[in-house]
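Throughout, numbering of the chain's residues begins at 1 and tracks the sequence.
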Amino acid sequence: MTLQECYAAMGGNYDDAIGRLRSERLVQKFVLKFLTDGSYDLLCRSMEEKNYEEAFRAAHTIKGVCQNLSIGKLQDSSSRLCESLRGGYTPEAGPLVEEVRADYAQTVAAIQAFQKESAG
């Protein structure tokens, strides 16, 4: 799997990422670092604990990282979740968390497949 194929698999925009970071090496470096970012775990934990202020910050961080890396699908869902949590919990936050979970899983699976094949 190439980095470009990884971007396609995770619903991202490879050309935007290259345009922003100016080299495939840098894009690859930061995409692989995405796997160790703790924001998603913090989001899940905060939602379970009903700490919506912390969940908002975690969703906001995910949105920003995805924006910088042009991971559009997860950026979109985390952005909508972020907005729904901006003033505290709203009824739409629950379904949006599930959408973020699915998009995050898709993103991580694509990156892990890329990582496995590029290490190969």
Side-chain angles (χ1 to χ4, degrees):
M1 169 182 279
T2 66
L3 187 57
Q4 194 165 6
E5 290 168 334
C6 175
Y7 263 81
M10 66 184 173
N13 187 318
Y14 174 82
D15 293 331
D16 279 357
I18 293 294
R20 181 171 288 115
L21 295 176
R22 299 283 181 215
S23 81
E24 185 165 312
R25 184 185 59 78
L26 276 178
V27 173
Q28 179 176 328
K29 174 184 174 181
F30 289 114
V31 162
L32 293 175
K33 279 187 164 212
F34 182 87
L35 297 175
T36 60
D37 181 84
S39 300
Y40 176 75
D41 292 334
L42 178 60
L43 171 66
C44 293
R45 190 171 53 252
S46 299
M47 289 300 292
E48 287 172 14
E49 295 170 356
K50 298 183 183 350
N51 183 344
Y52 301 119
E53 187 176 319
E54 192 68 32
F56 166 79
R57 283 196 293 276
H60 193 273
T61 299
I62 294 167
K63 174 184 80 164
V65 168
C66 290
Q67 183 175 13
N68 287 333
L69 293 174
S70 300
I71 303 172
K73 188 172 184 183
L74 182 55
Q75 177 192 342
D76 180 58
S77 60
S78 59
S79 178
R80 287 184 284 117
L81 176 60
C82 181
E83 290 309 310
S84 78
L85 292 171
R86 187 171 292 279
Y89 183 79
T90 60
E92 69 222 16
L96 287 171
V97 168
E98 293 310 311
E99 188 176 341
V100 168
R101 283 184 205 274
D103 293 347
Y104 182 83
Q106 178 182 351
T107 300
V108 167
I111 295 170
Q112 288 173 334
F114 168 72
Q115 183 180 42
K116 181 179 177 183
E117 289 186 30
S118 65

Which residues pass the salt bridge (charged side-chain N to carboxylate O under 4.0 Å, His left out) test with E99, not counting sequence neighbours? R80

Show every donor-acceptor pair shorter than 3.5 Å between a side-chain atom in residues 64-72 and any protein atom, with sequence neighbours excluded, or say none if there are none.
residue : atom : partner : partner atom : Å
N68     : ND2  : G64     : O            : 3.4
S70     : OG   : A17     : N            : 3.4
S70     : OG   : R20     : NH1          : 2.8

side-chain contact (heavy atoms from CB on, under 4.5 Å) with R57: which residues, sequence neighbours excluded? E53, E54

Listed partners of Q106 passing side-chain hydrogen bond (donor to acceptor under 3.5 Å, both in side chains), at least two apart: K73

Taking only residues two or more places apart in sequence or in another chain, which ones pass side-chain hydrogen bond (donor to acceptor under 3.5 Å, both in side chains) with S46? none

For D37, all residues meeting side-chain hydrogen bond (donor to acceptor under 3.5 Å, both in side chains), sequence neighbours excluded: S39

Please name all residues satisfying salt bridge (charged side-chain N to carboxylate O under 4.0 Å, His left out) with R45, sequence neighbours left out, ordered by chain then number. none

What side-chain hydrogen bond (donor to acceptor under 3.5 Å, both in side chains) pairs are there with at least one residue in residues 22-31, not counting sequence neighbours? Y14-E24

Please list, chain by chain and in numerical order, all residues satisfying side-chain hydrogen bond (donor to acceptor under 3.5 Å, both in side chains) with D16, sequence neighbours excluded. N13

Applied to residues 71-94, the ring-ring contact (aromatic ring centres under 6.0 Å, His included) test, sequence neighbours excluded, yields Y52-Y89

For A58, which residues count as a side-chain contact (heavy atoms from CB on, under 4.5 Å) partner, sequence neighbours excluded? L42, L43

Going by ring-ring contact (aromatic ring centres under 6.0 Å, His included), name the pairs with one or both residues in residues 93-117, residues two or more places apart or in two chains. F34-Y104, Y40-Y104

